[in-house]
Amino acid sequence: KQEVTQIPAALSVPEGENLVLNCSFTDSAIYNLQWFRQDPGKGLTSLLLIQSSQREQTSGRLNASLDKSSGRSTLYIAASQPGDSATYLCAVSLGFNKFYFGSGTKLNVKP
Amino acid sequence: NAGVTQTPKFRVLKTGQSMTLLCAQDMNHEYMYWYRQDPGMGLRLIHYSVGEGTTAKGEVPDGYNVSRLKKQNFLLGLESAAPSQTSVYFCAGGESYNSPLHFGNGTRLTVT
């Protein structure tokens with residue numbers, strides 16, 4: 001079974017810092033990997049989706065990379081802001097009914 | 001654009017009661033999913049649908065039923081609620097298995 005791990009579970013940084021969130025997975029036969037943001041009491045919002053043939057995707061201050069061979073993905077957040085505080089989850093897809101989610105990294109950006 | 005809308009937002013049931021959670025989408029999603037999210041367990045797939053009139057079991061289907069009579073709506077039913085079904089339930093949809101998943105804001109269910 002696919003295992004998805006996110007380390008660290010929680011992270012606290014001062015505003016303006018660049019940071020990296022990590023996601024690792026055990027089965028490299030994935031279709032894609034998604035990064036989500038979840039605010040308290042809300043659903044998940046898709047931030048970036050990387051297809052298995054791609055190495056990275058960018059959206060604004062966010063950059064996600066994918067290394068299938070090593071089973072790793074990183075989410076880079078540049079110039080962090082208090083509004084970035086949320087839980088960030090990654091999920092890998094092995095098919096239309098096989099999405100495996102990590103437990104998330106809870107990010108706190110201090111003003 | 002409403003996206004994926006879940007109703008109700010909160011519900012309290014007594015053991016043995018039944019209820020239906022509604023998920024409505026206006027994004028032309030073929031694929032729709034029901035997940036539950038529990039502390040320490042992450043998101044687990046309950047049931048899913050790959051199109052109107054189709055449903056299939058996910059990872060934790062016991063105690064739940066689903067229907068997708070119309071493409072826009074995906075219903076999750078609990079026939080006889082149990083305390084173990086206390087959770088936050090999320091509906092999600094996608095155009096294909098290789099497109100972004102769009103989630104509703106969840107239903108917080110407590111079974112006493």
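Within every chain, numbering begins at 1; the chains are lettered A, B, ... in the order of the sequence lines, protein sequences first and strands thereafter.
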Checklist entry - With no hydrogens and no angle check, do the side chains of A:Gln51 and B:Asn98 hold a donor and an acceptor under 3.5 Å apart? => result yes
Checklist entry - For B:Glu79, does the CD atom have more than 12 heavy-atom neighbours from other residues, nucleotides or ligands under 6.0 Å away? => result no
Less than 4.5 Å to any heavy atom of chain A: does that hold for the side chain of [X], its backbone, both, or neither?
X: B:Glu59; value: side chain
X: B:Ser96; value: neither
X: B:Leu101; value: both

[options]: which one forms the most heavy-atom pairs within less than 4.5 Å of chain A?
options: B:Ala92, B:Pro100, B:Gly104; answer: B:Pro100
options: B:Gln37, B:Gln6, B:Lys9; answer: B:Gln37
options: B:Gly42, B:Ala56, B:Gly40, B:Ser99; answer: B:Ser99

Which region of [X], side chain (C-beta onward) or backbone (N, CA, C, O), has a non-hydrogen atom less than 4.5 Å from a non-hydrogen atom of chain B, or is it both or neither?
X: A:Phe101; answer: side chain
X: A:Tyr100; answer: neither
X: A:Leu44; answer: both

Checklist entry - When rounded to the nearest 0.5 angstrom, what distance separates CZ in A:Phe36 from OG1 in A:Thr45? => result 9.0 Å
Checklist outcome for this item: d(A:Leu75 CG, A:Ser65 OG) to nearest 0.5 Å is 9.0 Å
Checklist entry - With a 4.0 Å cut-off, would you call B:Lys57 and B:Asp62 a salt bridge? => result no
Next on the checklist: Please evaluate residues A:Phe99 and B:Tyr35 with respect to the criterion ring pair (Phe, Tyr, Trp, His ring centres under 6.0 Å), reporting the C-alpha separation (whole Å), side-chain torsions for both, the decisive distance (0.1 Å), and the verdict.
Outcome noted: CA-CA 11 Å; A:Phe99 290 92; B:Tyr35 288 93; 7.3 Å; no
Item to check | Mutual orientation of the aromatic rings belonging to B:Tyr31 and B:Tyr33 [parallel < 30°, tilted 30-60°, perpendicular > 60°] | outcome: parallel
